[in-house]
Structure formats: structure tokens, C-alpha cells
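Notes follow once the structure below has been shown.
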Amino acid sequence: MDWMTRLAQFTTADYAALALLFASWIAIGYAVEHPPRRRPSVSGLMARYRRDWMVQMITRQPRIFDAQTLSTLRQGTAFFASATMIAIGGCLALLGNMERFIGIARDLTLESDPEIVWEIKILVVLVFLSNAFLKFVWSHRLFGYCAVLMAAVPNDPEDPLALPRAGKAGEINITAARGFNRGLRSLYFALAAAAWMLGAAVLAGAVVLACLVLLRREFASHSRRVLMQPEDGTSHSRGGDTAAHGESRNLGS
């Protein structure tokens, strides 16, 4: 069976849902990392605090709190990398034992697709899981780089190397967090891709749901409202977008 014959096993609805899956993954990533200036994302807002953290670290004595915080971030990336590797192993195990999996899938969907169709559906999930694993591993390594830079920051704020090195540590920290967030988004869409086992319509619905969840958490969550509150102690409104606009214009992602 050549590839044209294999691809002919999928319907137009399958291709449309698959295109929606990958297009949404790319679009959501762009929206989170390049938000409108008047509507920063949670990731962008946190970037400012990561930079401020590195500046505050210069005069903190001792720096045990900073080391523990960074260690917690590295543990989170290590946990997700390990969990993703287990999920990848599970998908590879399914590819090696398709008969039992197809029996269960057919009971759920009442469809009698050939084995190659189910294999390709699992491979799509593997693509997202593999991307997530690579992002988590790279994020873990970047947090390690950040730890080295933090250790190289002089304790004396008057030292000419203090602020430049703290700035470098902040940017590396932000880059590591960006990789971690990309890995999390890949996991969201891996779960959405798994819904393809139940059909194209279910896949499209799962993609829409994943997008709504991600957009809400980045642009309409309670945590975002807290981050957008003014820090002069005069107001604690739930909106705060306009008041905090001046503080968030130059935020990274």
C-alpha cells in the first residue's frame, strides 16, 4: 500500500479537523507570545516580574530564597519531561500492539477503519508529545544556565557587572519559561489530538475547547486580573487593563 492509498483512507472532515488542529496550535502560540499591546498575556506580564526578580536578587542576602525558587522551576520542568516521556512510551507501545487497541477503538466509534488509520492518528499525538518533551528538556537546561548566571551576579549593587548580569539572568529565565509554556501548550493539543480516535467532529470540538481554555488562562483569568492591578495601593479593581497599560507596554513573552 503506497502513501496515496493510505491517505485516501481519511475523509475530507478528517483533513479539515487536522488542519484546524495544527493551525490553532500555531495561532495560539503566536497570540500568547505576541499579544496586543493593550492586552498583554499572563506570560508577558510574568516576564516583567522575572526581570524584577533578578534585580532584587542583587541585594538579597543570603540568596537561598532565589536558589530554592529556581530549583522549584527546574523540578517542574523535570517532572513534565519525565511524564511526557512516559506518555511517548505508551504511544509507542500502542503502535506495537494495535490489535487490542483497534478492538477497543472500534467499540467506541463503531468504525472499521484499517490499521494504518489508527497508526497515523497515534503518530499525530506522538508529534505533539515529542515537541513537548523537547521543549521541557530545553527549558530545564535554560533554567540551569540561569542558575549559573545568578551565581555570577556580584553581591555589591555598585559593581558595574551587577545589573548587566542580572539582566542576562532575567532574559534567560524568561526564555526558559517560554519553552516551558510551549511544552504545556503541546500537551494541551496532544490531548486534543487524542480525541481524533473518536472521529473528526470530536477532534474539532476538542481543538476548540483547548483553544478556549488556553485563551482564558492567558487573557481572561483571575490570575491575570491580579497581575494587572495597580501597585500603588490606591486601587484593586478587577479590570485594571487601562491603568496598568503604561507598566505593561514593553513586556516580553
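- Under the 4.5 Å side-chain criterion, counting only non-hydrogen atoms from C-beta, L70 is in contact with N173.
- Side chain of E119 to backbone of L95: no donor-acceptor contact under 3.5 angstrom is found.
- Here the shortest heavy-atom pairing between P35 and F219 reads CB-CE2, 3.8 Å.
- Taking all atoms of both residues into account, the shortest heavy-atom contact from F136 to G183 is CZ-C, 3.4 Å.
- The nearest pair of heavy atoms linking A81 to F133 is O-CD1, 3.5 Å.
- W196 and D14 share a side-chain donor-acceptor pair at under 3.5 Å.
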**OP:** Determine, stepwise, if the pair S221 / R225 fulfils side-chain contact (heavy atoms from CB on, under 4.5 Å).
**Re:** CA-CA 7 Å; S221 62; R225 290 195 293 269; over 6 Å; no

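- Taking all atoms of both residues into account, the shortest heavy-atom contact from T77 to S139 is CG2-OG, 3.4 Å.
- For the pair M197 and I122, the minimum side-chain heavy-atom distance is below 4.5 Å.
- Partners of R185 by salt bridge (charged side-chain N to carboxylate O under 4.0 Å, His left out), not counting sequence neighbours, listed by chain and number: E33.
- Of the charged side-chain nitrogens involved, at least one lies within less than 4.0 Å of a carboxylate oxygen, so that E171 and R51 count as a salt-bridged pair.
- Annotation: side chain of V32 is not in contact with side chain of N181 (no heavy-atom distance under 4.5 Å).
- Of all non-hydrogen atoms in A132 and L187, the two that sit nearest each other are CB-CD2, 3.8 Å.
- Shown here is R60, whose CZ atom has more than 12 heavy atoms of other residues, nucleotides or ligands within 6.0 Å.
- The two residues V207 and S24 make their nearest non-hydrogen contact at CG1-OG, 3.4 Å.
- With hydrogens and angles disregarded, no donor-acceptor distance shorter than 3.5 Å links the side chain of R141 to the backbone of A176.
- Looking only at side-chain heavy atoms (C-beta outward), K121 and W118 come within less than 4.5 Å of each other.
- Counting only distance, with no hydrogens or angles, the side chain of R165 and the backbone of P154 share no donor-acceptor pair below 3.5 Å.
- Q75 places none of its side-chain heavy atoms less than 4.5 Å from the side chain of F80.
- The six-membered or imidazole ring of F128 lies near that of W25, with a centre-to-centre distance under 6.0 Å.
- Using a 4.5 Å heavy-atom threshold, the side chains of R224 and E218 count as separate.
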